[in-house]
Student: 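This is the structure, below, for whatever I ask next.
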Amino acid sequence: MKIATWNVNSIRARAERVEEWLDRSDVDVLAIQETKAQEKNFPYEIFDFMGYEVAHFGLSQWNGVAIASRVGLEDVERTFAGQPSFAKPGDTPVQEARAIGATCAGVRIWSLYIPNGRGLEDPHMAYKLEWLKELRSNVDSWLSADAQAQFALVGDWNVAPYDHDVWDIDYFREHQMTHVSEPERDAFFAFMNKSGLSDVVRPFTEGEYTYWDYTKLRFPKNEGMRIDFQLYSPALTQRVKSAHIDREERKGKGASDHTPVVVEIAD
DNA sequence: ATGACTGTTCCGAACAGA
């Protein structure tokens, strides 16, 4: 079984590319982030046509996550327990469309779009860190209920865990950029070090990126970042056969700025 | 080429991404 995650940066703008990619990638489950669509605008027909069931969670033109599967799609959950809300001062707090879970062929899949911290001192950074903390508390409760649980947390984590996960760490430090700060990295590594999950893609793809900014010719120069991950529970990690990052999909006109990350597990 | 982006909203400037 193949499980993929892909931040598509608008499902409507990317409809044709998503359909073509599903056709050639032969994945069984695709976790999607940044659909940028409300429910009524989601192009369900693409997935019907390609033989996938799909569950979407979208509240506005921002965020939006989905899971498409051709091996079953059960027990869909929108938001995780205790998922933090965000509100601008004076506005009503809202749980944003950043997490959707479903069980596909016995594997619990979560498609996740971790908040962008925006700036090291920005209120969104505290939101991001709290969001990761609450997510990990769910992981701990799932594993304490069943140490053999098979689940996958996949998506756009908006964290570059190691210095070599960005093209030039000095550039990031000089510009006081997010994604590489110690608190963000601590929050990310806690999923491995404290909760026992595994980044199952890195061993097969070290040195590769998953994202390249549209500006400044970042892709042709291969000035990218590794920020999209698949983190698996211990029992699911045992089933991993291989993984790859589909750099080809970033090429050409009309590509997303992120590219798909694919894992194959034993049936 | 001495700079070079993409998307949504409801028609053009604001916002967001990272």
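Computed from a predicted model, the values in this text were never measured in an experiment. Here is how names work: the chains are called A, B, and so on, in the same order as the sequence lines, proteins then strands, and each is numbered from 1.
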Student: In whole angstroms, how far is the C1' atom of dA16(B) from the CG atom of Asp122(A)?
Tutor: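 Computing the Asp122(A):CG to dA16(B):C1' distance gives 12 Å.
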
Student: Output the rounded distance in Å from CG (Asp165(A)) to C1' (dA18(B)).
Tutor: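 Whole-Å distance recorded here is 15 Å.
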
Student: For dC11(B), does the glycosidic angle fall within 90° of 0 (syn) or outside that (anti)?
Tutor: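 You should classify dC11(B) as syn.
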
Student: Answer yes or no: is there a side-chain heavy-atom contact under 4.5 Å between Asn138(A) and Trp110(A)?
Tutor: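 No, every pair of side-chain atoms sits at 4.5 Å or beyond.
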
Student: Write down the distance separating the C1' atoms in dA14(B) and dC10(B), rounded off to the nearest Å.
Tutor: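 Here dA14(B) and dC10(B) have their C1' atoms 13 Å from each other.
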
Student: With respect to the side chain of Arg118(A), which nucleotide from dT6(B), dG17(B), dC5(B) is positioned closest?
Tutor: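 Out of dT6(B), dG17(B), dC5(B), the nucleotide with an atom closest to Arg118(A)'s side chain is dG17(B).
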
Student: Using whole Å, report how far CG of Asn116(A) lies from P of dG7(B).
Tutor: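 Asn116(A) atom CG is separated from dG7(B) atom P by 18 Å.
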
Student: dT8(B) and dG12(B): how far apart are their C1' atoms, nearest whole angstrom?
Tutor: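 The same atom, C1', in both gives a distance of 12 Å.
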
Student: Select base, sugar-phosphate, or nothing to describe what Arg12(A) touches, counting heavy atoms under 4.0 Å on all strands.
Tutor: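 Contact class for Arg12(A): sugar-phosphate only.
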
Student: Applying side chain to side chain donor-acceptor pair (under 3.5 Å), can you list everything that pairs with Thr92(A), at least two apart in sequence or on another chain?
Tutor: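 Side chain to side chain donor-acceptor pair (under 3.5 Å) check on Thr92(A) returns nothing, list empty.
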
Student: To the nearest Å, how far apart are Trp62(A) CH2 and dG17(B) C1'?
Tutor: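 These atoms are roughly 9 Å apart.
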
Student: Given dA4(B), dG7(B), dC5(B), which nucleotide is nearest the side-chain atoms of Leu217(A)?
Tutor: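 Minimum distance to the Leu217(A) side chain belongs to dA4(B).
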
Student: Output the single nucleotide from dA16(B), dT8(B), dA18(B) whose closest atom is nearest the side chain of Gln61(A).
Tutor: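 The listed nucleotide nearest to Gln61(A)'s side chain is dT8(B).
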
Student: For nucleotides dC11(B) and dC15(B), find the distance between their C1' atoms and express it as a whole number of Å.
Tutor: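 The same atom, C1', in both gives a distance of 16 Å.
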
Student: With rounding to the closest Å, how many angstrom separate the P atoms on dG7(B) and dA18(B)?
Tutor: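 The answer is 14 Å between these two P atoms.
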
Student: So does Glu134(A) have more than 12 non-hydrogen atoms from other groups sitting under 6.0 Å from CD?
Tutor: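 Yes, enclosed.
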
Student: Measure from the side-chain N and O atoms of Tyr127(A) to the backbone N and O of Ser85(A), and report whether any donor-acceptor pair falls under 3.5 Å.
Tutor: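 No; judged by distance alone, with no hydrogens or angles, the pair does not exist.
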
Student: Between Gln38(A) and Arg98(A), which is nearer to the 5' end of DNA chain B once each is assigned its nearest nucleotide?
Tutor: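 Final value for this comparison: Gln38(A).
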
Student: Are Trp131(A) and Tyr113(A) close enough that their ring centers fall under 6.0 Å?
Tutor: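 Here the rings of Tyr113(A) and Trp131(A) have centres that are no less than 6.0 Å from each other.
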
Student: Given that His124(A) and Lys36(A) both sit by DNA chain B, which one's nearest nucleotide is further toward the 5' end?
Tutor: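 The 5'-side residue here is Lys36(A).
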
Student: Using a heavy-atom cut-off of 4.0 Å across all strands, would you classify Asn7(A) as base, sugar-phosphate, or nothing?
Tutor: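 The answer is sugar-phosphate, as Asn7(A) gets under 4.0 Å only of primed atoms, P, OP1 or OP2.
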
Student: Looking across every strand, which nucleic acid part, if any, lies under 4.0 Å from His175(A) by heavy atom: base, sugar-phosphate, or nothing?
Tutor: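 If one applies the 4.0 Å heavy-atom cut-off, His175(A) turns out to touch nothing in the nucleic acid.
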
